[in-house]
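Please read these numbers as outputs of a predicted model, since none were measured by experiment. Chain letters run A, B, ... following the sequence lines, proteins first, then strands; residues in each count from 1.
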Amino acid sequence: MFKRTWERAFKYRSIKWNMTVAFSLLLIICINAVAYLFFVIYSETAERNAKNYTYGILEQVNKNIEYYLRYMEDISNLTFFNGNIQSYLRDSIRESDYLHQVRRTFEREAIAEYFNSFLSIRQDIVSIYIFAANGEILTNRPHVSVKDYMDIREQLWYKRAKEADGAVVISPPHVRNVFEDDYQWVVSLSRVIKHLDTKESLGVLLIDLNFRVIEDICEHLGIGSGTGYVFIVDRDGELVYHPEQQLIYSNLKNEDFDLIMNTGERFVTSRLPGREKLYTIAESEFTGWKVVGVTYTDELVPDIRDIQNFIIALALVSIPLTLVLSTLISSRISRPLKRLAQTMKQVDEQQDLDIYVNIEGSREVAFLSKSFNTMLTRIRELMSQLLMEQELKRKSELKALQAQINPHFLYNTLDLVIWMTKRGKTEEVIQLVSSLSRLFRLSIGKGDEMTSVRDEVEHIKHYLLIQKLRYKSKLEFIIDVEHETYRYKMPRLILQPLVENAIYHGIKPLPGGGCVTVRGYLQRQPKRTDLVLEVKDNGTGIPEDKLKDIFNGAASKLREGGIGVKNIQERIRLYAGEGYGLEYESASGAGTKVRVVLPAIDTWTDAKAKEELL
Amino acid sequence: MKRWLAFCSVMALMTSMTAGCFAGSTQPTHRVALILQESPYEFWINVKQGADAGAAEFGVQLLQYANMVGPMNAEKQIESLRLALEDGVDAVVISPIDSVELERLIKQSRNSGTPVVSIHSGSVTSPFRVTEDYEQTAELALEALKSVSDGGEIALINAGSTDLPLSARQQALVDRFANHPEFRIAETLVTADDKRIVMEQVKTMLEQRKGISAMIGICEGCAIGAALAVRDLGLAEQTAVIGFDSTDSAIHMLEEEWLDAMIVQNSFAMGYLGVKMVAEILDGHRKEKDGPIYTQSVIIYKESLQLPEYQKMLYPFMNR
């Protein structure tokens, strides 16, 4: 199957086609393979760099958040170690002591001012509270009251602060709803304030922070082509910050929190349906928070689409480009071969051997061209040699014919002359010798192989006259040759052997003799005009079995020692080609008619022949 | 020569194709009219915030054609819609008030190829709707009643008939409580959307009908008015009050236990999903046959207020 397809595609195609296809395939495969490898290596490198870049940013985010929370821790430390606050919290309430009450009021106001000093320079601090062990609340907010059904000790930030025993704890975002008419989302920093000497718990400090600074730290980081974002989860998986926090809270969007909390990897791909996300996770030891960078994987390498498009475009351009280049190159390489092939075709179709090719090209092609020229020269020489040999053969055959006529015919004719002279038939002898003389004259001609119909007819007339004198009443002859045929050419000594056969094999065996008729006329056909000469006798005819083999060597020798019909046929064919020659019509006892069909070649085109004819 | 011409043509074609590959695409921005109701109310503020969040995400430019401060009546909505259509907006997101003219305009808008998404509406004029699942909220109201009341006669308190969602809610409640073995709607008080007026009218009703064991305030003002009436009459132990929708006032009433439960829907999601739906329609990703989007509601009791999942719904983070 493959072999057949391969053969159909290449084996019977031109060398130009094969070279074009081979070059094109090779180039396209090479270009695309290189482009693909480049794309793979580039995208892998760019992806690795993008991941590392994102992770670097997240580490910086973590550091900024740590710095921010340490700053808040410092504020809590200032509060923790503040002498006035320590003193106020240590001091027990003496409700009966009015002056003590007034002093505590002033101290409370001073602490509120102290808290306000932080709030005035920090827009991100919403409020600062100290929930004293005795139930008192120290805060910057005047007239604040806890909802009567709310138990501060049940609040998460309070419980965690207690558990941490003096260390700072950061609670996840929650609604601060312990106070009347106050529902604000905050992140809380809380810690137990201890007696500096006894380490006894004096109360719990609460600093509520809004999201301003965290938002500023996490926004506009420019990860993932600008569409990426950063969010933060605490160690319990609670969302601390997300740019679309309300969408998450409303279950309108989701993140793969389970994956983020359970993986130990820096980079993980979200398992959630929809657009694929890459999570880059950086964890802070100080806060326990995980800062998660979200990058859409299709935007991980920002210009990957451009690179991909470029490679596709390159592939698209490379196809026609390589086709054109391959065609040009293969055309250039195959052009000399094509010219050589065309020349060979010309030789084959037009039989034109007089061609010389001068093809310049590569060494092999030049060698082929030279060899072809040498071969053509050699063929021309051989052809010429062959023609010469054939010419010589024809001439020798003609000479042989002439040489064959002479002895027999001359012997009989001279016998007749002797016989007539003895009888005193002077006039007849004169006529006989004149005809004989003219006969030989016309037989020899000027050594040419060709003669005119006029001379051939005259030649046969003299021959028949001589035979008539010999056979007297036993031989009659009629010569009926149209005058217009006289000027046409024909091979010499065609009619004489045929008439001789008619006399010796047709008429002579008949006791009462017979008649030989020689006709000549032009036979016009749509495509050609033939010269037809007929030799007809009413003699014994030729038996069918002999007639069938008349052109074979042995059978054609109708007269022992004479010129064979085959010989005449070959001479005509040699001269005129296939389609011309002798046609026999005969039947035993019904006489014989031989038609000599020749091409009508006008001798008038030959001035000399014309002159002779006229 | 011809060969080179062909070569040049191919190269020009390839160059243009290559240029096409690198041509950048611009993010389309859809111009969408947003017509809501009574913007000072927290419910509609949350809806608006949800719509803004959706607009930022889906590349939608939200346009408003009327002063949103103060109550929005049908005339104001009609004027807004007319102005929006004249301005050639790509689509409309509307929470329609019950009005024949408004319905006609919405149909006209749809017929002229401007899709209309109705949100928080009982209207079915537009096939594109983001709406409360009224059957679900009626079921939740029954569940809340069962947990705070032993059964008996109940009263529905509604604030007029021009508000399509309220009418739809009322109808769903009537359907749900019909033939109910424990609860029977004995009274339907249609009053004004003003908690003081509601309070007075509910007081009158409670004095006339002593057997009312529970009331369902179909709107936020109705619920607060009913709760205030119960407080003033000292009937908090005998008469339960269930409310719909949440505001800080309603939460306060719940904390004070004058309100026994609230059926709360995510108003932020309502606005967000309305804009998401309109973006999907304009991008050809949503067809009429896809049907409406239903937002889900939850019951909130006093105890629920401390739970993070309920806090996330009651106090929109956007308001931080």
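Among the candidates B:M313, B:K302, B:E309, the residue making the largest number of heavy-atom pairs closer than 4.5 Å to chain A is B:K302.
Side-chain atoms of A:K147 and B:E255, non-hydrogen and from C-beta on, do get closer than 4.5 Å to each other. Residues B:F268 and A:L252 have side chains in contact (heavy-atom distance under 4.5 Å, counting atoms from C-beta outward). A:K253 is listed as a side-chain neighbour of B:E57, based on a closest heavy-atom distance under 4.5 Å.
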(Q) Using the rule given for side-chain contact (heavy atoms from CB on, under 4.5 Å), can you reason through A:H174 versus B:Y315, listing the C-alpha separation, both sets of side-chain angles and the distance that settles it, and then say yes or no? (A) CA-CA 10 Å; A:H174 59 99; B:Y315 311 105; over 6 Å; no
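Smallest separation of non-hydrogen atoms from A:N177 and B:Q306: ND2-NE2, 3.5 Å.
For B:N266, the part lying under 4.5 angstrom from a heavy atom of chain A is the side chain only. Using a 4.5 Å cut-off between heavy atoms, B:K276 does not touch chain A at all. Heavy-atom distances place no part of A:L323 under 4.5 Å from chain B, backbone and side chain included. For a residue to count as touching a neighbouring chain, one of its non-hydrogen atoms must lie under 4.5 Å from one of that chain's; by this rule A:E244 touches chain B with the side chain only. For chain A, no part of B:L314 is nearby; none of its heavy atoms comes within less than 4.5 Å.
Contacts of residues 231-239 of chain A with chain B at a heavy-atom distance below 4.5 Å involve A:E238, listed in sequence order.
Between the CH2 atom of A:W185 and the CD atom of B:Q311 there is a distance of 5.5 Å, given to the nearest 0.5 Å.
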